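Since this is a predicted model, take the numbers as computed values, not measurements.
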Amino acid sequence: MMRRALELASCGISQVSPSPLVGCVIVSEAGEVVGEGCYIYDKVSHAETIALAQANGKAKGGTAYVSLEPHAHYGRTKPCTEALINAEIKRVVAPIEDPNPLVSGKGFQALRENGIEVVTGILAEEAEKQNEKFIHWHKMKRPFVHLKMAISLDGRIATRTGDSRWITGEESRKKSHELRHEYDAILVGANTAVIDNPSLTDRSGKPRRRLLERVVLDNSLRISLNSQLVLTAKEIPTIIFTENKNNEKIEDLETEGVKVIQIAEGARNLFGVLQELGKRELTSVLVEGGTEIAGAFYDAKLINKFSFFIAPIVIGGRDAPTAIGGKGATVLANAMRLRNVEIKQNGEDLEVTGYPLLVVNGER
Ligand SMILES: NC(=O)c1ccc[n+]([C@@H]2O[C@H](COP(=O)([O-])OP(=O)(O)OC[C@H]3O[C@@H](n4cnc5c(N)ncnc54)[C@H](OP(=O)(O)O)[C@@H]3O)[C@@H](O)[C@H]2O)c1
């Protein structure tokens, strides 16, 4: 039942941020599934209330399986704990606490105080993974960072002349759009914006609540006013972080709809960049390179998840850029080792995803 609740929750991907994904299954006292619900931000109703409405009175004495702790406060809706209590549910099974300080632990407490049995921990790892972006954003006050690079077998992201399109095959590129679909923002460096002139849009074809926000780190404001990013900035949110004080260029960019943000130390201050994005309720960011940007995030230990799409080609060449620049590890013992590694095949390419074991300020 918890697996089903998690499956239901996933129907909200890209449609709930900055709220969490939540699914709910109601099982009657007789053991029959009588209600199911999935949270979608714009539909307002929470998964529990949708499932209880479907149960239509048959929830009494039954069990609610919810993929995240039900909330006990008044927000856009009445507390879900109240709905569960009023429906005379006997038991609530929810794997993890909601990290939102307004909810955290209080939902479980309200249920217990009303005589409802609360069971936690079932499929907790899966539930945490499903809401990894939301949990990270709440805990760290900055977005979850996923670095994605398309590389050759020998770790290059372009040839020595800068030719980089396309390293991976069609299936991988389709998967990349599905990955973009799961994120609130996408970020690249100034060189990638200038050389590749990308549009950085979500072309998965799936519905999203907010457009994918595009972010460029460009201290010298090198981006062209005729670039695809600038030309579409009135329709698609586009942010440039810079330390440049060229008021004329800033004015031109802003006239085209670009939001230019200056922070202390400019775009080199990645922590400041992420904090700024976090304040804008962007819970997650997909970093798509290039080498220098990937290296800067690596050195700052700000990458929460890596994906390498590896094509069976060998580029070679001392001057062909590798995936991750910056300083890198001094000794192998300091190299980032990934855990929970998943390997998939997209056509002839491999997709390797994993989480670095990060310890920053004592937080994992
Ligand atoms: N295969 C792939 O997955 C992939 C993905 C993306 C790009 N690429 C390729 O990568 C190449 C570009 O990579 P690149 O390494 O030359 O450039 P990049 O990483 O795209 O951009 C680097 C530039 O960004 C600016 N910047 C601003 N804030 C920064 C920060 N915090 N850290 C580092 N740089 C910052 C710097 O210029 P300022 O000092 O002027 O701000 C810097 O020179 C292109 O050939 C592109 O096609 C490949």
Side-chain angles (χ1 to χ4, degrees), residues 145-180 183 186-201 203 214-220 222-223 227-229 267-268 270 285-339 341-356:
V145 176
H146 188 158
L147 175 77
K148 176 246 144 184
M149 302 294 282
I151 62 172
S152 63
L153 269 184
D154 54 337
R156 307 295 208 271
I157 62 160
T159 67
R160 70 187 157 81
T161 60
D163 188 18
S164 66
R165 285 187 171 171
W166 301 104
I167 288 182
T168 45
E170 220 169 281
E171 281 100 330
S172 284
R173 299 207 298 278
K174 190 165 175 278
K175 283 295 290 292
S176 301
H177 282 284
E178 280 170 19
L179 197 57
R180 286 182 181 183
Y183 282 79
I186 180 163
L187 181 151
V188 296
N191 288 352
T192 299
V194 170
I195 299 169
D196 293 357
N197 189 19
S199 56
L200 303 180
T201 49
R203 300 194 285 279
R214 304 167 311 175
V215 181
V216 182
L217 305 187
D218 183 5
N219 279 318
S220 328
R222 281 182 284 134
I223 194 164
S227 62
Q228 294 215 56
L229 290 170
R268 295 272 159 190
L270 290 182
V285 55
L286 184 66
V287 175
E288 284 204 3
T291 300
E292 271 197 63
I293 290 297
F297 273 95
Y298 179 97
D299 289 343
K301 296 192 168 47
L302 285 170
I303 302 170
N304 301 103
K305 192 171 183 177
F306 285 87
S307 285
F308 289 100
F309 286 73
I310 311 168
I313 60 164
V314 181
I315 294 179
R318 167 180 314 115
D319 296 329
T322 53
I324 302 198
K327 291 198 181 96
T330 41
V331 289
L332 279 179
N334 291 344
M336 272 184 206
R337 186 163 289 276
L338 304 189
R339 62 192 165 88
V341 174
E342 270 182 37
I343 303 175
K344 293 180 190 151
Q345 187 152 0
N346 305 322
E348 287 195 327
D349 304 334
L350 286 183
E351 177 185 344
V352 180
T353 296
Y355 298 81

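For the atom pair CD1 (Ile186) and NE2 (His146), the distance works out to 11.5 Å, reported to the nearest 0.5 Å. With rounding to the nearest 0.5 Å, the separation of OH in Tyr355 from CZ in Arg339 is 8.0 Å. Within the model, atoms CG of Asp163 and CZ of Arg165 stand 10.0 Å from one another, a figure rounded to the nearest 0.5 Å. Within the model, atoms NZ of Lys148 and CZ of Phe308 stand 11.5 Å from one another, a figure rounded to the nearest 0.5 Å.
Contact between Lys305 and Thr353 at its shortest, heavy atoms only, is CE-CG2, 3.7 Å. Of all heavy-atom pairs between Tyr298 and Met336, the closest is OH-N, 3.3 Å. Minimum interatomic distance between Asp349 and Ser172 (heavy atoms only, all atoms of both residues): OD2-OG, 2.7 Å. Taking all atoms of both residues into account, the shortest heavy-atom contact from Ile151 to Ala323 is CG2-CB, 3.7 Å. For the pair Arg180 and Thr201, the tightest heavy-atom approach, listed with the atom from each and the gap, is NH1-O, 2.8 Å. When all heavy atoms are compared, the tightest approach of Leu229 to Pro198 is CG-O, 3.4 Å.
For Asp218 (side chain) and Gly189 (main-chain N/O), no donor-acceptor pair under 3.5 Å exists by modelled atom type. Judged by distance alone, the side chain of Thr192 and the main-chain N or O of Gly290 form a donor-acceptor pair under 3.5 Å. Between the side chain of Arg222 and the backbone N or O of Ala190, no donor-acceptor pair lies under 3.5 Å. Using modelled atom types, one side-chain atom of Asn304 and one backbone atom of Val145 make a donor-acceptor pair closer than 3.5 Å. A donor-acceptor pair is defined here as one N or O able to donate and one able to accept, closer than 3.5 Å; such a pair exists between the side chain of Arg214 and the backbone of Ser199. Not one N or O on the side chain of Arg160 forms a donor-acceptor pair closer than 3.5 Å with the backbone of Gly317. Judged by distance alone, the side chain of Thr291 and the main-chain N or O of Thr322 form a donor-acceptor pair under 3.5 Å. Formation of a donor-acceptor pair under 3.5 Å by the Glu351 side chain with backbone atoms of Lys344 is not found in this model.
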Q: Would you sort out whether Lys174 and Glu170 count as a salt bridge (Lys or Arg N to Asp or Glu O under 4.0 Å), showing the intermediate values?
A: CA-CA 6 Å; Lys174 190 165 175 278; Glu170 220 169 281; over 6 Å; no
**Q.** Evaluation steps, side chain to side chain contact (heavy atoms under 4.5 Å, CB included), between Leu147 and Phe297
**A.** CA-CA 9 Å; Leu147 175 77; Phe297 273 95; 5.8 Å; no
Q.
Between Leu187 and Leu217, is the side chain to side chain contact (heavy atoms under 4.5 Å, CB included) condition met? List the steps.
A. CA-CA 8 Å; Leu187 181 151; Leu217 305 187; 4.0 Å; yes
Q | Test side chain to side chain contact (heavy atoms under 4.5 Å, CB included) applied to Thr168 and Lys175, step by step | A | CA-CA 11 Å; Thr168 45; Lys175 283 295 290 292; over 6 Å; no
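Heavy-atom neighbours of Glu348 CD from other residues, nucleotides or ligands within 6.0 Å: at or below the threshold of 12.
In this structure, the side chains of Val287 and Ile303 stay at 4.5 Å or more apart for every pair of heavy atoms.
No hydrogens or angles considered: nothing links the side chains of Arg173 and Asn346 as a donor-acceptor pair under 3.5 Å. Side chains of Ser152 and Asp154: a donor-acceptor N/O pair is present below 3.5 angstrom, by distance only.
Evaluated for a side chain to side chain contact (heavy atoms under 4.5 Å, CB included) with Glu288, the options Ile293, Asp196, Val188 yield exactly one hit, Val188.
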